[in-house]
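Working notes, structure below.
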Number of protein chains: 2
Amino acid sequence: MVTIKRLAKEAGVSFSTVAKALNNDETINIETRRRIQLLAKQLNYRPNILARGLRSRRTKTIGVILNDLQSPFYSEIYKAIGEILDHNGYTMFLADSKYDEKLEKENILSMIGLGVEGLIISSVSEMSDNIDFLLKSLVKTVFIDNRPNRSDINCVYVDHFVASSLATNYLISMGHKDILLLNGPKNLPSSCRYLEGYQKSLKEERLPFKEELVVYDSIGLEQSVNLMDQIFSGNHRIKPNAFSAIVTLSDVSAIGIYEASHKHRYSIPDTYSVVGYDNIFFTKYLNPALTTIHQPKEQTGSLAANMLLDSIMERGGDEVQVILSPILIERDSVKSIK
Amino acid sequence: MVTIKRLAKEAGVSFSTVAKALNNDETINIETRRRIQLLAKQLNYRPNILARGLRSRRTKTIGVILNDLQSPFYSEIYKAIGEILDHNGYTMFLADSKYDEKLEKENILSMIGLGVEGLIISSVSEMSDNIDFLLKSLVKTVFIDNRPNRSDINCVYVDHFVASSLATNYLISMGHKDILLLNGPKNLPSSCRYLEGYQKSLKEERLPFKEELVVYDSIGLEQSVNLMDQIFSGNHRIKPNAFSAIVTLSDVSAIGIYEASHKHRYSIPDTYSVVGYDNIFFTKYLNPALTTIHQPKEQTGSLAANMLLDSIMERGGDEVQVILSPILIERDSVKSIK
DNA sequence: AATCAATTGTTTAACGTTAACGAAAATTTG
DNA sequence: CAAATTTTCGTTAACGTTAAACAATTGATT
């Protein structure tokens, strides 16, 4: 392994001269600097991040903790984060919290142990101890995808309340009255906002809110398939004829509905209308093309990354909360029954 | 930040006693050990990986360098890698080489600087200098997705030659004679194997190999859309009526074909038949459901991770090459024209 | 010629951990 | 009961880097 000492020996100078030369320190003669920098390149020298981080606390790494790494939704977000970080010489650690608060805590501690300078996190809960813990610790943090219940934080998220009311309003305008809400885990902040938006739209249109038409914990493909399979089979408290449309918290869930309905020979949108959420890239190629609520994922990622870097570099001042707007994308998975 | 010294002060022992206690060293009284371990948990102590790695070279991290992080194909692979690593107390660094050899080299050097114990990499080229460099360095490496031209390495990949001949044979059996090959970058090992399999199938069936029906660099959604858009518009050396079927190197490319053909009002499979590659999870929900060649992605990831861990732990002996088999998945994007 | 400042380079001490070694206390042995 | 052994804990020196303090050489100024 080629270290600074090795370069020093090779170049015939002290190791700290090499260190300064590599950091382009003006107190080293420009020629010596050039000479050493060239040598470093020739020998494929790379600073040992461990040593640097240990000494200087500047590891040039940041941690990204998300609820589901595999989901294309989060993929697009961390793709955007990665781009920004790359341009700024930073590397990212990715971790999957699997919508689990304990795992999230584990990941946070790991990241701190790894010496990250900052963290971007889609926190599982709105008022988890993890959030307090994070704010007490010294790592700069940006919360994405949802908003913890406090104002002294950096965050960027889309308004889930608006999103679900957009979806619900649209279904109502198409004549649907019994709308199943396939919601996420109950403690998930986005689930709460989502439910509220759904309720608000029903209320506005003077439709009754039927608690029994809300079902939780259906995030992810498999869970969603299983759940809808139960419903379509009649093995669930919700019966197949109790609703004519479905609002989901994610496009992936919507695909689960496609799968289950396909199995039971129900047609979408003829029997059931479906509105997804996220607008992940392939939804327009589904059969039928999915009507969904678009989230600006790339923007979320790049904004979050830039905010974090600003915060790390001490540029930019106070904490900021950025709220992005969702957009309804009309396609073919909703049928008018007016 | 809570360190080993802090714990020592708190517990009234020397810092090295704490270190040993935390590593469950038998030479420390069981009671003292328990006491210190409890304290560590209470104070949310996490070992500083930087310091540990610097001193002991055991960072418990491995690097994963892939050609396209966002593609669901690679997502599924690194998801599987992550699962295995988690169970073994390892963390992973992810990096995107974007099918670029220079960026790949950059990433390799970064990973080494980060102190990874091993590397899983989908190398861009078959005989890149990067491979020699890696083998000369001390980092254990597993190559995935394709096979460098040497035998003294660990790798796991599916046989792209078999894959493309599976696809081509199938199309021929459905009566297609003019088959466009949407291949990846020319230097990509998988592209080479893919071309060879395609040629072999044509030859077997005594069909002429038309070089002009092979087009390169069409990996990724956008490139694929642009390319097909050109072809369908007549602005390409390949004319729209020169072929009746398309074989692609990735499902994502296949989606690009869907997009372009949709724009130009061509029907799949009525005007063009398409066979994808990878079988990423949502292809069966596309319109039309995509006929594709399945790659065992999860298996690839978990095998690679296990091989790497074996190699790191010095268990297991020689280098192994694992070749997995692709499977044809018949769906609705191919039409018989016999 | 003596002084001072600028220029260029070196010495040294951290950062938090591991691990080899040393030392003290507790226990066993003859 | 002294000596030998075991048990238990403390000392110390690395790992490769950064950064502050220090030293040496040169050039400019009085």
Side-chain angles (χ1 to χ4, degrees), chain A residues 1-37 39-40 43-61 89 109-117 137-138, chain B residues 1-37 39-40 43-61 89 109-117 137-138:
Chain A
M1 165 145 307
V2 35
T3 73
I4 235 171
K5 286 183 186 170
R6 165 88 186 284
L7 292 180
K9 193 171 272 177
E10 212 84 33
V13 292
S14 87
F15 80 90
S16 78
T17 303
V18 174
K20 286 192 196 169
L22 294 177
N23 291 322
N24 226 356
D25 189 315
E26 305 269 338
T27 77
I28 301 293
N29 191 308
I30 180 75
E31 278 181 34
T32 331
R33 256 186 282 164
R34 289 272 159 74
R35 188 164 56 90
I36 295 177
Q37 285 167 1
L39 188 70
L43 296 185
N44 276 317
Y45 167 80
R46 269 301 151 116
N48 183 318
I49 307 293
L50 304 171
R52 168 188 288 172
L54 180 59
R55 170 62 223 231
S56 72
R57 307 270 152 206
R58 285 184 284 106
T59 52
K60 292 274 192 177
T61 61
L109 290 176
S110 289
M111 294 288 182
I112 292 179
L114 285 165
V116 296
E117 290 181 43
S137 80
L138 296 178
Chain B
M1 168 145 306
V2 36
T3 75
I4 236 173
K5 285 183 186 169
R6 165 88 186 283
L7 292 179
K9 193 169 271 179
E10 211 86 30
V13 294
S14 88
F15 80 91
S16 79
T17 303
V18 174
K20 289 187 200 168
L22 293 177
N23 291 321
N24 226 357
D25 189 317
E26 304 269 338
T27 77
I28 300 294
N29 191 310
I30 180 77
E31 277 180 34
T32 333
R33 255 187 285 164
R34 289 272 159 75
R35 189 164 55 89
I36 294 176
Q37 286 167 1
L39 189 68
L43 296 186
N44 278 316
Y45 167 79
R46 270 299 153 114
N48 183 320
I49 306 294
L50 304 171
R52 169 188 290 170
L54 180 59
R55 170 62 223 231
S56 71
R57 310 268 151 205
R58 285 183 286 103
T59 52
K60 292 275 193 175
T61 61
L109 289 175
S110 290
M111 294 286 183
I112 292 178
L114 285 163
V116 295
E117 290 181 42
S137 78
L138 296 176

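Here the structure is a predicted model, which means the values were calculated and not measured. Hydrogens, waters and symmetry mates are skipped; everything else that's a heavy atom, side chains included, is used. Each chain gets a letter, A, B and so on, in the order its sequence line appears, and its residues count up from 1.
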Using the side chain to side chain contact (heavy atoms under 4.5 Å, CB included) rule, pick out the option among A/V18, A/V13, A/T17 that qualifies with A/L7.
-> A/V18
Do any of residues 8-17 of chain B sit with a heavy atom less than 4.0 Å from DNA chain C, and if so which?
-> B/F15, B/S16
Is there side-chain contact between A/E10 and A/L39, with at least one heavy-atom pair below 4.5 Å?
-> yes
Side-chain N or O of A/R57 closer than 4.0 Å to phosphate OP1/OP2 of C/dG16 = yes
Which of C/dT18, D/dT17, C/dG16 is nearest the side chain of B/T3? It is C/dG16
Which is it for A/V116 and A/M111 under the side chain to side chain contact (heavy atoms under 4.5 Å, CB included) test, yes or no, and what are the steps along the way?
-> CA-CA 6 Å; A/V116 296; A/M111 294 288 182; 4.0 Å; yes
Under the 3.5 Å rule, do the base of C/dT10 and the side chain of A/K20 count as making a donor-acceptor pair?
-> yes
Please state how far atom CD1 in A/I28 lies from atom P in C/dA6, giving the value in whole angstrom units.
-> 18 Å
To the nearest angstrom, how far is A/N23 atom CG from D/dG16 atom C1'?
-> 13 Å
Could you state the CD1-C1' distance from A/I30 to C/dT7, rounded to the nearest angstrom?
-> 14 Å
Rounded distance (Å) that lies between atom P of D/dG16 and atom CD1 of A/I49 = 14 Å
From the list D/dT17, C/dG9, C/dT17, which nucleotide is the closest neighbour of the side chain of A/T32?
-> C/dG9
Assess whether salt bridge (Lys or Arg N to Asp or Glu O under 4.0 Å) is satisfied between A/E31 and A/R35, documenting all intermediate values.
-> CA-CA 6 Å; A/E31 278 181 34; A/R35 188 164 56 90; over 6 Å; no
When you check the phosphate oxygens OP1 and OP2 of D/dA19, does a side-chain N or O of A/R58 lie under 4.0 Å from one of them?
-> yes
Evaluate the side-chain proximity of A/L109 to B/N44: yes if any heavy-atom separation is below 4.5 Å, no if none is.
-> yes
Roughly, in whole Å, what's the span from CD in B/E26 to P in D/dC9?
-> 13 Å
Under 3.5 Å donor-acceptor, A/N24 side chain and A/K20 backbone = no
Could you walk me through whether B/I112 and A/M1 pass the side chain to side chain contact (heavy atoms under 4.5 Å, CB included) test, one step at a time?
-> CA-CA 9 Å; B/I112 292 178; A/M1 165 145 307; 3.8 Å; yes
If each end axis of the helix from C/dA1-D/dT30 to C/dG30-D/dC1 is fitted on five C1' pair positions, the angle between them, to 10 degrees, is 60°
Output yes when at least one side-chain N/O atom of A/Y45 is less than 4.0 Å from OP1 or OP2 of D/dT17, else no.
-> yes
Can any side-chain N or O of A/R33 pair as donor or acceptor with the backbone N or O of A/I28 at less than 3.5 Å?
-> yes
Whether B/D25 side chain and B/T27 backbone form a donor-acceptor pair below 3.5 Å = yes
Respond yes when some side-chain nitrogen or oxygen of B/N29 is under 4.0 Å from OP1 or OP2 of D/dT8, and no when none is.
-> yes
Taken to the nearest whole Å, CG/B/L50 to C1'/C/dA14 is 15 Å
In whole angstrom, what separates B/L7's CG from C/dG16's P?
-> 12 Å
May I ask you to decide if A/T59's main-chain N or O and A/E117's side chain share a donor-acceptor pair within less than 3.5 Å?
-> yes
CG of B/L54 versus P of C/dA14: gap in Å, rounded?
-> 17 Å
Base, sugar-phosphate alone, or nothing: which one does B/T27 contact when heavy atoms must sit under 4.0 Å apart?
-> base
Indicate, yes or no, whether a donor-acceptor pair under 3.5 Å links the base of D/dT18 to the side chain of A/R55.
-> yes
